[in-house]
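Here the structure is laid out as structure tokens; the discussion comes afterwards.
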There are 2 protein chains.
Amino acid sequence: MTQTVVQQPTSKAALISVSLAHAENLCRANRARLTPIRRRVLETLHNSNRPLGAYDLAAALAPQGRRMAPITVYRALEFLIEQGLAHRLASLNAYVASSQANDGRGTAAFLICEACGSVSEVSSPELHDAVSNLHKSHSFSPRARLLELTGRCAHC
Amino acid sequence: MTQTVVQQPTSKAALISVSLAHAENLCRANRARLTPIRRRVLETLHNSNRPLGAYDLAAALAPQGRRMAPITVYRALEFLIEQGLAHRLASLNAYVASSQANDGRGTAAFLICEACGSVSEVSSPELHDAVSNLHKSHSFSPRARLLELTGRCAHC
DNA sequence: ACATATATGTTATATAGCTACATATTTAAA
DNA sequence: TTTAAATATGTAGCTATATAACATATATGT
Ligand SMILES: [Zn+2]
Ligand SMILES: [Zn+2]
Ligand SMILES: [Zn+2]
Ligand SMILES: [Zn+2]
């Protein structure tokens with residue numbers, strides 16, 4: 001009996017369309033509106049293999065030579081970040097799409113490669129606990145966490 | 001036999017002068033030059049009970065109405081950060097003097113209170129290990145760590 | 001005293017993010 | 001299904017943060 005090995009849809013395009021579908025669902029569930037502009041910003045972030053600045057996005061989202069008004073991009077980013085669909089990297093003044101892989105795994109950190117510019121979102125229960133204990137031991141009520149580690153990735 | 005309880009020099013002014021003396025020693029050891037400008041920037045940071053922006057420093061360091069050239073402040077900050085005497089808080093675009101208390105205790109994090117603006121530099125071996133393991137498990141060579149936790153402090 | 005490296009002064013510019021207010025679109029109520 | 005309210009976008013100008021480029025001054029080592 002022969003077995004057919006089906007190629008899983010792991011191409012970049014396929015992964016992105018999965019992410020966008022997830023975003024649609026999430027927003028529907030939250031009664032939040034993933035408008036065309038917001039969707040295009042998210043899509044552009046997913047299509048990029050490195051973080052994009054707000055003005056990069058503004059340029060990417062307008063036709064040749066022109067550029068979308070920066071405020072429009074900032075408003076879309078604010079929405080996406082609120083929904084947990086994107087992150088701001090404070091050390092780069094740039095933005096990335098959230099990785100599905102890290103959903104609901106608690107405290108996430110970003111590994112930022114200075115050589116190739118790539119960023120990966122990672123987490124560990126150990127890290128989550130350490131941060132959590134740090135809060136507790138200082139009676140600090142957390143709202144936002146910013147964990148960015150800069151250096152060289154495995155490949156560089 | 002009577003015992004004289006000597007008041008320890010724990011006033012703010014005394015603590016600051018200890019910190020500045022430490023800075024002098026450190027720079028001497030590193031053959032780095034703690035020039036008057038750099039020293040004044042560091043002193044101003046120590047005198048503040050909250051982080052200061054570069055332009056705040058520029059205003060504070062020039063006589064009434066005038067302001068030091070921003071680039072001068074940025075150059076001084078760059079020096080202080082290189083020497084480990086100050087930190088940049090990326091989530092605030094602001095700067096703080098390093099706490100002596102955290103010297104050589106590995107990875108430090110900052111607890112930033114949104115209500116009162118205070119910042120404390122904290123650490124734990126647990127946090128240090130968690131970050132360290134995260135690096136290792138992703139074959140990532142770290143250079144800089146950015147750990148900022150925003151919320152409400154014990155007092156607020 | 002000289003040469004070199006380091007630090008500061010001066011001016012202009014780049015980059016990032018936001019305010020204010022008008023218009024359009026969507027949603028919910030009447 | 002009008003109407004009203006809430007939400008989103010357009011447009012213009014502005015504020016805040018950070019750096020580039022080049023000249024001058026000061027310190028350091030020979
Ligand atoms: Zn995420
Ligand atoms: Zn890399
Ligand atoms: Zn420190
Ligand atoms: Zn507080």
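All heavy atoms count here, side chains included; hydrogens, waters and symmetry mates do not. Sequence lines set the chain letters: A, B, ... in the order given, protein chains first and strands last, and positions in each chain run from 1.
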Verify, without hydrogens or angle tests, whether B:Ser141 (side chain) and A:Gly151 (backbone) share a donor-acceptor contact under 3.5 angstrom. no

For A:Leu77 and A:Arg88: C-alpha separation, side-chain torsions, deciding distance, then whether side chain to side chain contact (heavy atoms under 4.5 Å, CB included) applies. CA-CA 9 Å; A:Leu77 288 169; A:Arg88 174 168 197 269; over 6 Å; no

Looking only at heavy atoms, what is the nearest atom pair of B:Leu147 and B:Ala108, with distance? CD1-O, 3.7 Å

Is there a donor-acceptor pair under 3.5 Å between the side chain of A:Ser17 and the backbone N or O of A:Ala14? yes

Against the side chain of A:Arg38, the closest entry in D:dT9, D:dA18, C:dG17 is D:dT9

For C:dT15 and A:Asn93 - does any side-chain N or O of the residue sit under 4.0 Å from the phosphate oxygens OP1/OP2? no

If I take atom OH in residue B:Tyr55 and atom P in nucleotide D:dA16, what distance separates them, rounded to the nearest angstrom? 10 Å

Does anything in residues 71-92 of chain A reach DNA chain D, meaning a heavy atom under 4.0 Å, and if so which residues? A:Ile71, A:Thr72, A:Arg75

Without swapping roles, check the side chain of A:Arg40 against the backbone of A:Thr35 for a donor-acceptor pair under 3.5 Å. no

I'd like to check the ring-ring contact (aromatic ring centres under 6.0 Å, His included) partners of A:Phe110; sequence neighbours left out, ordered by chain and number. A:His87

At under 4.0 Å between heavy atoms, how does the protein contact nucleotides 23-30 of chain D? Give one character per nucleotide, 5' to 3', with B, S or -. ----S---

Would you call B:Arg145 and A:Glu148 a salt bridge, taking side-chain N to carboxylate O under 4.0 Å as the test? no

Are A:Glu114 and A:Arg152 within salt-bridge range, i.e. N to O under 4.0 Å? no

Mapping B:Pro70 and A:Met68 to their closest nucleotides on DNA chain D, which lands nearer the 5' end? A:Met68

Whole angstrom value for the distance that separates P of C:dA24 from CD1 of A:Ile37: 15 Å

To the nearest Å, give me how far apart CG (B:Leu57) and C1' (D:dA16) are. 15 Å

